[in-house]
There are 2 protein chains.
Amino acid sequence: MALRHAVLAALLDGETNGYELAKTFDVGVANFWYTQPQQLYAELTRLEKDGLISGREIVQDNRPNKRVFRVTDAGLAELDDFAAASAKPSFVRDDLLVKVQAADHVDPAVLIAQLDERATFAQAKIDLFEQLLRSMRGERTEEEFLHEGDRIGPYLTCLRGLAFERGNRDWCRNTITILRHRQAATAQR
Amino acid sequence: MALRHAVLAALLDGETNGYELAKTFDVGVANFWYTQPQQLYAELTRLEKDGLISGREIVQDNRPNKRVFRVTDAGLAELDDFAAASAKPSFVRDDLLVKVQAADHVDPAVLIAQLDERATFAQAKIDLFEQLLRSMRGERTEEEFLHEGDRIGPYLTCLRGLAFERGNRDWCRNTITILRHRQAATAQR
DNA sequence: TTCGTCATGTAATGCGTTACATGATTAA
DNA sequence: TTAATCATGTAACGCATTACATGACGAA
């Protein structure tokens with residue numbers, strides 16, 4: 001019962017179709033919600049049936065037709081209710097952290113490789129988020145934009161995503177350094 | 001297929017029962033995995049059936065009996081395989097971020113209240129993690145412990161949790177400041 | 001002619017959440 | 001006597017993932 005709200009919030013930026021939305025959920029929105037395309041299509045169908053969004057078909061030449069959706073007044077009301085309800089604590093689920101938790105019992109080389117991969121991935125997201133932020137604020141400075149802009153929601157969540165990925169990257173790098181140091185110490189004995 | 005590994009990794013710290021494990025999953029382990037007690041009991045049963053952990057009953061007076069588990073060799077092997085397999089990208093799911101994404105369409109006062117609540121919660125976790133880290137490293141400095149300690153997995157994941165919660169707290173506070181500023185600007189008009 | 005992009009789904013299965021259930025002990 | 005702690009579950013439902021399916025266009 002929460003994906004619906006994530007979809008509603010994402011649709012506030014204007015009419016879109018499932019395909020576009022799926023891409024958004026794979027990059028920007030993915031800092032706070034992630035899901036597969038299939039679920040989006042299913043959720044869009046449900047949301048439309050419940051009257052929280054309304055869709056219309058756009059006929060295209062040379063391309064498959066697409067269904068675009070926008071949030072209805074009922075949808076906005078639903079978002080209001082959701083915002084007022086107490087939020088569940090956020091949760092992270094991360095395979096990599098599970099592996100590090102078992103660090104003393106698994107092969108360090110394997111861990112280091114995965115941490116390195118994650119650090120690279122995090123850096124790529126950092127670059128992407130910085131670019132996204134620049135394009136959202138345009139000519140303005142961040143401060144100006146946040147004070148005067150009229151659509152700051154996505155900017156604020158993107159800032160959280162950016163900080164999160166920086167944290168990821170830095171932690172991965174630190175952890176690699178520590179594991180390497182221990183590898184060297186063990187090899188010496 | 002991933003809760004099993006989180007449970008296995010958590011059981012590396014020694015024999016425990018479901019109840020104790022549930023508490024761990026509510027605090028420390030909760031930085032990288034979260035789940036309800038019911039699922040833990042179910043997962044423990046499954047893991048035992050699959051031979052990855054073995055349990056024994058401890059009869060207690062004045063208390064309900066309990067079943068404690070430890071990881072078997074097969075369980076360790078399973079963890080090894082898991083560590084070697086490529087990790088899925090981590091994901092965050094956060095109601096509060098969904099609400100902030102919709103910031104321009106919902107009542108700022110409500111958002112501010114929730115952000116404030118979250119900042120307080122994050123601070124509480126920060127305090128808890130700092131205490132946990134101190135107790136894990138004992139008399140040693142962090143550097144000494146990470147170089148010489150023989151069980152650093154939980155320490156490393158706790159460091160990530162700490163950084164995460166600091167990020168949460170700081171972002172909440174910043175976001176509150178921005179929303180308040182905008183409220184004041186709007187009131188003036 | 002092969003791959004990537006656009007575009008939307010169904011079906012089966014498995015994982016996760018909510019609600020419900022029990023029952024004794026100890027501290028306030 | 002009320003609430004918290006200890007201790008473990010079942011049952012129903014709903015959400016999420018994986019695999020499968022289709023089909024046309026444009027670029028290499």
Side-chain angles (χ1 to χ4, degrees), chain A residues 1-8 15-27 29-30 32-50 53 55-69 85-95 98, chain B residues 1-8 15-27 29-30 32-50 53 55-69 85-95 98:
Chain A
M1 281 295 213
L3 171 61
R4 0 173 22 93
H5 301 111
V7 172
L8 282 174
E15 243 185 9
T16 11
N17 59 333
Y19 189 80
E20 285 301 315
L21 208 57
K23 282 193 288 188
T24 312
F25 269 76
D26 224 45
V27 284
V29 180
F32 63 90
W33 212 270
Y34 165 80
T35 196
Q36 327 268 140
Q38 296 92 321
Q39 268 211 78
L40 287 177
Y41 286 115
E43 196 59 51
L44 286 169
T45 306
R46 250 174 280 155
L47 280 165
E48 193 182 23
K49 203 189 67 198
D50 296 347
I53 59 175
R56 60 194 181 89
E57 181 133 13
I58 294 189
V59 181
Q60 299 183 116
D61 306 338
N62 304 346
R63 297 248 161 134
N65 295 340
K66 59 184 182 182
R67 294 193 301 137
V68 296
F69 299 92
S86 84
K88 307 186 192 172
S90 76
F91 71 82
V92 182
R93 283 190 177 175
D94 193 339
D95 274 12
V98 174
Chain B
M1 278 291 214
L3 171 60
R4 359 174 23 90
H5 301 111
V7 172
L8 282 174
E15 245 186 8
T16 11
N17 59 334
Y19 189 78
E20 286 301 314
L21 208 58
K23 281 194 289 187
T24 311
F25 269 76
D26 224 46
V27 284
V29 180
F32 62 90
W33 213 269
Y34 165 80
T35 196
Q36 326 269 139
Q38 293 95 321
Q39 267 211 80
L40 287 177
Y41 287 115
E43 196 59 51
L44 286 169
T45 306
R46 250 174 278 155
L47 280 165
E48 194 181 23
K49 203 189 66 198
D50 296 347
I53 60 175
R56 59 191 182 88
E57 180 133 13
I58 293 188
V59 181
Q60 299 183 118
D61 307 337
N62 303 347
R63 297 250 161 129
N65 294 341
K66 59 183 181 182
R67 293 193 302 137
V68 295
F69 299 92
S86 84
K88 307 185 192 171
S90 75
F91 70 83
V92 182
R93 282 191 176 176
D94 193 339
D95 274 13
V98 174

Round to a whole Å and report the spacing from [atom1] of [X] to [atom2] of [N].
{"X": "B:W33", "N": "C:dG16", "atom1": "CH2", "atom2": "P", "value": "7 Å"}
{"X": "B:Y19", "N": "C:dA24", "atom1": "OH", "atom2": "P", "value": "17 Å"}
{"X": "B:L3", "N": "D:dC15", "atom1": "CG", "atom2": "P", "value": "20 Å"}
{"X": "A:E20", "N": "C:dT5", "atom1": "CD", "atom2": "C1'", "value": "11 Å"}
{"X": "B:I58", "N": "D:dC6", "atom1": "CD1", "atom2": "C1'", "value": "14 Å"}
{"X": "B:K66", "N": "D:dT5", "atom1": "NZ", "atom2": "P", "value": "16 Å"}
{"X": "A:R46", "N": "D:dA16", "atom1": "CZ", "atom2": "C1'", "value": "10 Å"}
{"X": "B:E57", "N": "D:dG9", "atom1": "CD", "atom2": "C1'", "value": "13 Å"}

Which distance, rounded to the nearest 0.5 Å, do you find between the CZ of A:R46 and the CD1 of A:I53?
->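 It is 11.0 Å, given to the nearest 0.5 Å.
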
Say you draw a straight line from CG of A:L44 to CD of A:Q39; how long is it, rounded to the nearest 0.5 Å?
-> 11.0 Å

At their closest point, which heavy atom of A:F25 faces which heavy atom of A:Y34, and how far apart are they?
->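 Shortest heavy-atom separation between A:F25 and A:Y34 comes out as O-CD1, 4.0 Å.
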
Shortest non-hydrogen contact between A:Q60 and A:N65, atoms and distance |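 Distance-wise, the nearest heavy atoms are N-OD1, 2.9 Å.
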
Would you say [X] places a side-chain N or O within less than 4.0 Å of OP1 or OP2 belonging to [N]?
{"X": "A:Q39", "N": "D:dT17", "value": "yes"}
{"X": "B:N65", "N": "D:dT8", "value": "no"}
{"X": "A:N62", "N": "D:dA24", "value": "no"}
{"X": "B:K23", "N": "D:dT5", "value": "no"}
{"X": "A:R93", "N": "C:dG16", "value": "yes"}
{"X": "B:Y41", "N": "D:dG9", "value": "no"}
{"X": "B:Q36", "N": "C:dG16", "value": "no"}
{"X": "B:R67", "N": "D:dG9", "value": "yes"}

With a 4.0 Å cut-off, would you call A:K66 and A:E20 a salt bridge?
->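 No, this pair does not count.
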
Determine the contact category for B:Q60: base if any of its heavy atoms lies under 4.0 Å from a base atom, sugar-phosphate if only primed atoms, P, OP1 or OP2 are that close, otherwise nothing.
-> sugar-phosphate

Are the side chain of B:R67 and the backbone of B:N17 linked by a donor-acceptor contact shorter than 3.5 Å?
-> no

Polar side-chain atom of B:E43 near backbone of B:L3 as donor-acceptor pair, under 3.5 Å = no

A:W33 and B:D95, any side-chain heavy atoms less than 4.5 Å apart =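 Side chain of B:D95 against side chain of A:W33, heavy atoms only: contact under 4.5 Å found.
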
Output the single nucleotide from D:dT8, D:dT17, D:dT18 whose closest atom is nearest the side chain of A:T35.
-> D:dT17

In short, the helix from C:dT1-D:dA28 to C:dA28-D:dT1 is bent end to end, axes from five pairs each side, to 10°, by 40°

Residue pair B:P64/A:T45 against DNA chain C: nearer the 5' end by closest nucleotide is A:T45

Would you mind telling me which residue lines up with the more 5' stretch of DNA chain D, B:R63 or B:F69, judged by nearest nucleotide?
-> B:R63

